[in-house]
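To keep things clear, I will list the structure first and then write my remarks on it.
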There are 2 protein chains.
Amino acid sequence: MKVLIVDDDRDLRELIGFALTQAGFLVVKAADGPSAVRIFDAEAPDVVVLDINMPGASGFQVCEAIRARSSVPVMMLTVRSEEEDLIKALELGADDYLTKPFSPKTLLARLKALLRRAGMESAAAPLAAGRITLNIEEHTAQIGGGAPIRLTKLELRLLQMLLTNSGRTVSSDRLLVHIWGHRNSGDRQLLKQLVHRLRQKIETDPAIPHYLQTAAGAGYKLVVD
Amino acid sequence: MKVLIVDDDRDLRELIGFALTQAGFLVVKAADGPSAVRIFDAEAPDVVVLDINMPGASGFQVCEAIRARSSVPVMMLTVRSEEEDLIKALELGADDYLTKPFSPKTLLARLKALLRRAGMESAAAPLAAGRITLNIEEHTAQIGGGAPIRLTKLELRLLQMLLTNSGRTVSSDRLLVHIWGHRNSGDRQLLKQLVHRLRQKIETDPAIPHYLQTAAGAGYKLVVD
DNA sequence: CCGGTCGGTTACAAAGTGGTTATAGACCCG
DNA sequence: CGGGTCTATAACCACTTTGTAACCGACCGG
């Protein structure tokens, strides 16, 4: 599930991005209207979080541009007490809005509700990078055009995390937190095991990993070339 | 377009009713939880506006009861600063909310947006996918040109949910919520049973399910090819 | 060399999941 | 009331997934 975050406020952009990444979204960001439209075309996100108050009030224009080419759900961010803006946004085709300030928890709940309504609750648009695609709702992965590989819950989370950060090394600690949620930091054995099991499933020769490579002393990374 | 307004505050109820009548809605009203459910069943409204703060906090219960029998859009009314309630409501299946106080104009805009979103999935037509058709009034299903199969209430809801998401996996949790309303998540046994019984009815060989397939660790899906 | 850590591997125990059968309570209707 | 259907609960089995432990070889600093 890919989400595009459009906001000129760098801090807020990063905050939202972090929260949604943690929640399992693949995040792309834009800082202004023109680049938002460009990135929208390039990345084809499944949902857009769009700040309405940007230099040039271009939030409306972005919403309009998006609506002109797609019906993806759009969540508007507004400041309170600008009801007129709000109505305008909704009539322009935005699907929901959130008034600042809001907690990440709220944003997440609303975003989920929005996606549920749009009937795309982790539907289509499987997470993908290179030759690997991940179908989260079916708990399967596919390499190239091969047969789908069934993954367990934990394997899914591991691959999801690596896939959303494909090409970059993900530290063992981050993986531990993402997969198990908080544990004694000594629990590397679990990760060791999980990596081993996932390799058995996705590597042609698990002894010489091609995709799931080890970054000694740091963590693991997914090579997608 | 029929709207059910549920609010214990008589003035607000009348105000909203007036505004929506002016806007061309057919309005029915209820003043408390129990009568709301009764009127919902009797009137089958197309959309519900539901106050969350009613004696006995029964707004949640009403939302739950409505979700248990239908997927009509529900707009919640809340007072500001009760974020927990809000999240609870959205997770219970409400589709949108509005914080008091609000102007009739806002309510109308939001309601229209809500209906537009839900509009594409308005399901007057007999639910069908592939060779399977579901007759909700008759509580029967039909496969190909075969004889109608009588279904129980729960079997109907299960098949309905799978049918509206045919081809995609539906998580066990979503099924539990849709079929039973809200339960301890530990109640997988019920779902297990229900799936088993439905398979007995619709599969030619229940041991090798053709339509109702399980996605291990994820949920179930209906294959319609 | 030696002991230590690190990552990979093997083996096994513990916990969980899904299918099935059986049984008892709930509910409905004549 | 009685008989039927529907639903909830439990128990069992086979199988999968996950957690834990031990062993191995590579590497590294003393």
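Lettering follows sequence order; numbering is per chain, from 1.
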Nucleotide nearest A:L154 (side chain, heavy atoms from C-beta), chosen from D:dG19, D:dA22, C:dT20: D:dG19
Out of D:dT16, D:dA10, C:dG19, whichever nucleotide has its closest atom nearest the side chain of B:T214: C:dG19
Side-chain N or O of B:R150 closer than 4.0 Å to phosphate OP1/OP2 of D:dC6: yes
Under 3.5 Å donor-acceptor pair, A:R197 side-chain atoms to D:dG19 base atoms: yes
d(CG, B:L158; P, D:dA8) in whole Å: 13 Å
Nucleotide of D:dT17, D:dT20, C:dT20 approaching A:K201 most closely (side-chain heavy atoms): D:dT17
Heavy-atom closest contact (B:L212 atom, B:E203 atom, distance): N-OE2, 2.7 Å
Quiz item: A:Q193 side-chain donor-acceptor pair to D:dT20 base, under 3.5 Å: yes
Separation between CG of B:L175 and CG of B:L162, rounded to the nearest 0.5 Å: 5.5 Å
Side-chain N or O of B:Y220 closer than 4.0 Å to phosphate OP1/OP2 of C:dG19: yes
Over all atoms of both residues, closest heavy-atom pair of B:L50 and B:C63: CD2-N, 3.8 Å
Options D:dA11, D:dT20, C:dT9, nucleotide nearest the side-chain atoms of A:D187: D:dT20
Phosphate OP1/OP2 of D:dT7: any B:W180 side-chain N/O under 4.0 Å: no
Rounded distance (Å) that lies between atom P of C:dA15 and atom CZ of B:R188: 19 Å
Length of the NE2-C1' vector between A:H139 and C:dG18, whole Å: 15 Å
Distance in angstrom units between B:L191 CG and C:dT20 C1', rounded: 15 Å
B:Q189 CD to C:dA24 P, straight-line distance once rounded to whole Å: 17 Å
Value in whole Å for how far the C1' atom of D:dC6 lies from CG of B:L156: 14 Å
Sugar-phosphate only, base, or nothing, as touched by A:L194 at under 4.0 Å among non-hydrogen atoms: nothing
Residue whose nearest DNA chain D nucleotide is more 5′ - B:T152 or A:K153: B:T152
C:dG19 phosphate, OP1 or OP2, under 4.0 Å from B:R199 side-chain N/O: yes
B:R168 and A:E137 ion-paired at < 4.0 Å: no
Residue-phosphate contact under 4.0 Å: A:H196 side-chain N/O, C:dT9 OP1/OP2: yes
OG1 on B:T133 to CG on B:L163, rounded to 0.5 Å: 8.5 Å
